[in-house]
Amino acid sequence: MPNARRAATLLAILVLLTGCAGSQTDADATPVEKQASAADENDTPDRDAADRNIDPVNDREWALRPATRVDLNGDGLDELIIGELGRWSTEKVKVLRQDGSDLLKLDQWLPDTTQTRVDLVTMDGLPNPVLVIHVGDPDEWHSMEFTWMEGEELVSVWGWHPKHNVAFGEDYAIRPDGTVEITGDIAGFTIVRRYRIEPYADAYMPYVARKQDEVVIPGSYPTTAADLLTALFIARWYDLPDLVDQYLPDPDVRAAFMKEDFGEIRYRPIPVETGLLVYTDCGPQIEPADPDDNGLVEFLVSVASYEERLYWTGEAVISTERDGRLVVKDIRITDRGGFLPRRG
């Protein structure tokens, strides 16, 4: 991906967002995992790669970081990955071409405080090793870009979500047949999306991720007003009528709720916020508060579009059934619109 396009994509990701293997000897290392320490005077990457003009230790910052030599484009010569793989950190990974020029430099586009993680994996159907670039919070839904070299440039997969070459979730898994599973948890639910990566006859999007299926797995019953309302909207968005019946038992209230249009989840589900509703220059926001003595609480529910969030505000009455379960006794929408997500 050209640098300007990558910069624009990373900025869009930041707007939307508001298991490393043990040590091994050189004899045990695979071609994808030949580890070297750039700080070790007896095994510096520039010494072994001098004939390829790679000089990663041109300043102390890079000299003290681990490095991985790997052939990323299948030409028999190694590129150099500087930085620790498979670990979340604010220290950004850098990738050098054989001539020493930058192939990937995450700190050029991302703030110093942004956490990233870069994994090096192989995938069935792809001839070269794949870099999986995570950006965001390791404990929350974040972006994941799958990219690899073809010739002297990186190519990326589009189609996970509209206008994006990144998937959103908390983790991923690569099945033996090359299917990629993107997973994430919210309010006790686990959401699993499965994709196949396929070539696409387009210079801008040479590869696309085609969704094979999507599975929503309920977890334990929600125990807070916020989780209950989040679970209700998850059940509504993902067409789980039996769960809607559990969370919203009154048939008349449920029928009115089901008639509302709450958009669709294009990128990632956002937890419902409950408390006291306030309006600011950036749109509606919630100040945390418990339901009142009658169980009434205000809420804000939103879904992310490409550059903004669509929102719905409302009031809900939360009650406790005889068996101890929380349920929504009544719910109504008071406002809807769009606003830019908060930055910072």
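This one's a predicted model, so the numbers in the text were calculated from it and none came from an experiment.
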Least distance between heavy atoms, Ile270 atom then Ala304 atom: CD1-N, 4.0 Å
Exercise: do Asp323 and Tyr221 side chains pair donor with acceptor under 3.5 Å: no
Minimum heavy-atom distance between Thr113 and Thr90, given as atom pair plus value: O-CG2, 3.7 Å
Spatial distance of atom CD1 (Ile217) from atom CZ (Phe189) [nearest 0.5 Å]: 11.0 Å
Test applied, side chain to side chain contact (heavy atoms under 4.5 Å, CB included); reference residue, Thr147; option that passes from Leu154, Val132, Val130: Leu154
Test side-chain contact (heavy atoms from CB on, under 4.5 Å) applied to Tyr311 and Asp335, step by step: CA-CA 8 Å; Tyr311 73 83; Asp335 190 20; 3.2 Å; yes
Qualifying residue for ring pair (Phe, Tyr, Trp, His ring centres under 6.0 Å) with Phe257, from Phe262, Trp312, Tyr247: Phe262
Minimum heavy-atom distance Ala225-Leu326, with the two atoms named: N-CD1, 4.2 Å
Asn73 side chain vs Glu152 backbone, donor-acceptor pair below 3.5 Å: no
Gap separating the NZ atom of Lys329 from the CG atom of Asn294, nearest 0.5 angstrom: 13.5 Å
Working for side-chain contact (heavy atoms from CB on, under 4.5 Å), residues Lys94 and Lys92: CA-CA 7 Å; Lys94 179 178 182 180; Lys92 310 299 189 294; over 6 Å; no
Geometric class of the Trp237/Phe233 ring pair [parallel <30°, tilted 30-60°, perpendicular >60°]: tilted
Parallel, tilted or perpendicular: ring planes of His134 versus Tyr172, cut at 30 and 60 degrees: tilted
Single-linkage hydrophobic cluster, 4.5 Å side-chain cutoff, Met123 and Val192 together: no
Ring centers of Tyr204, Trp158 separated by less than 6.0 Å: yes
CA sep, side-chain torsions, deciding dist, call: Ile333, Phe299, side-chain contact (heavy atoms from CB on, under 4.5 Å): CA-CA 9 Å; Ile333 303 302; Phe299 65 84; 4.0 Å; yes
Asp119 and Arg117: CA distance, side-chain angles, deciding distance, side-chain contact (heavy atoms from CB on, under 4.5 Å) verdict: CA-CA 7 Å; Asp119 303 330; Arg117 182 183 113 201; 2.8 Å; yes
Nearest atoms (heavy-atom pairs only) where Asp227 meets Ala187: O-CB, 4.0 Å
Interatomic spacing from OG1 in Thr122 to CG in Asn128 - rounded to 0.5 Å: 11.0 Å
Test of ring centre spacing under 6.0 Å for Trp160 and Phe146: yes
Spacing of Leu96 atom CG and Ile82 atom CD1 [to the nearest 0.5 Å]: 4.5 Å
Euclidean distance, Ile234 CD1 relative to Ile265 CD1, rounded to 0.5 Å: 6.0 Å
Modelled atom types, side-chain donor and acceptor of Glu145 and Asn165, under 3.5 Å: yes
Linked, directly or transitively: Leu126 and Val157 (ILVMFWY side chains, under 4.5 Å): yes
Ile182 versus Gly169, closest heavy-atom pair with distance: CG2-CA, 4.0 Å
Spacing of Gln212 atom CD and Tyr195 atom OH [to the nearest 0.5 Å]: 10.5 Å
